[in-house]
Amino acid sequence: MAIIGNKNIKELVGTVVSTKMSKTLVVKVDTVKMHPLYKKRYVRSKKYYAHIEDNSTISVGDVVRIRAHRPTSKLKRWIYIDTVKKVQK
């Protein structure tokens with residue numbers, strides 16, 4: 001959670017899956033959940049569409065931070081903040 005002013009705004013960290021759309025990133029976020037009966041942990045993945053001004057510096061595989069934002073289009077409700085880790089090529 002990021003605190004901006006007096007609001008708690010949700011932030012997620014995930015891996016870039018696609019940069020093919022203009023001004024849009026597709027970010028896959030993994031969360032670890034626990035089964036209520038068997039107590040086994042498992043990983044759930046979800047894809048988020050994030051707005052970015054210029055995606056020339058970001059490539060597939062980079063780990064990025066995104067923040068909840070007002071809706072930009074039909075699917076985009078997140079905005080790109082910064083890159084946590086670059087992928088080595």
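Residue numbers run from 1 in the order of the sequence given. All values reported here derive from a predicted model rather than from experimental measurement. Values below: every heavy atom of this structure, side chains too, minus hydrogens, waters and symmetry copies.
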Contact check, side chains of [X] and [Y], non-hydrogen atoms, under 4.5 Å:
| X | Y | result |
| --- | --- | --- |
| K39 | M34 | yes |
| K74 | Y49 | no |
| H51 | L25 | no |

Let me check something: do [X] and [Y] share a hydrophobic cluster, defined by ILVMFWY side-chain heavy atoms less than 4.5 Å apart, either directly or through other members?
| X | Y | answer |
| --- | --- | --- |
| W78 | V29 | yes |
| Y48 | V16 | yes |
| V64 | V87 | no |
| V27 | L12 | yes |
| V26 | I81 | no |

State the [atom1]-[atom2] distance between [X] and [Y], to the nearest 0.5 angstrom.
| X | Y | atom1 | atom2 | value |
| --- | --- | --- | --- | --- |
| D82 | I58 | CG | CD1 | 9.5 Å |
| I9 | I79 | CD1 | CD1 | 10.5 Å |
| D30 | T15 | CG | OG1 | 6.5 Å |
| S73 | K23 | OG | NZ | 12.5 Å |

| Got a sec, which residues hit ring-ring contact (aromatic ring centres under 6.0 Å, His included) with Y80, two or more places apart in sequence or on another chain? | none
| request: Check whether the side chains of T83 and D62 place a donor and an acceptor atom closer than 3.5 Å, and report yes or no. | output: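 On atom types as modelled, these side chains do not qualify, holding no pair under 3.5 Å.
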| said: Please tell me whether K76 and T24 have a donor and an acceptor in their side chains that are separated by less than 3.5 angstrom. | reply: yes
| said: Under the criterion side-chain contact (heavy atoms from CB on, under 4.5 Å), I'd like the reasoning laid out for Y42 against K33: C-alpha separation, chi angles, the key distance, then a yes or no. | reply: CA-CA 6 Å; Y42 59 97; K33 298 200 172 219; 3.9 Å; yes
| field | Residues which pass side-chain contact (heavy atoms from CB on, under 4.5 Å) with K40, listed by chain and number, not counting sequence neighbours | value | none
| message | Ignoring hydrogens, what is the shortest heavy-atom contact between L37 and H35? Give both atom names and the distance. | response | N-ND1, 3.1 Å
| query | Run the side-chain contact (heavy atoms from CB on, under 4.5 Å) check on V60 and S18 step by step: do they pass? | reply | CA-CA 6 Å; V60 175; S18 173; 5.6 Å; no
| Results of salt bridge (charged side-chain N to carboxylate O under 4.0 Å, His left out) for K85 - residues two or more places apart only |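 Applying salt bridge (charged side-chain N to carboxylate O under 4.0 Å, His left out) to K85 gives none.
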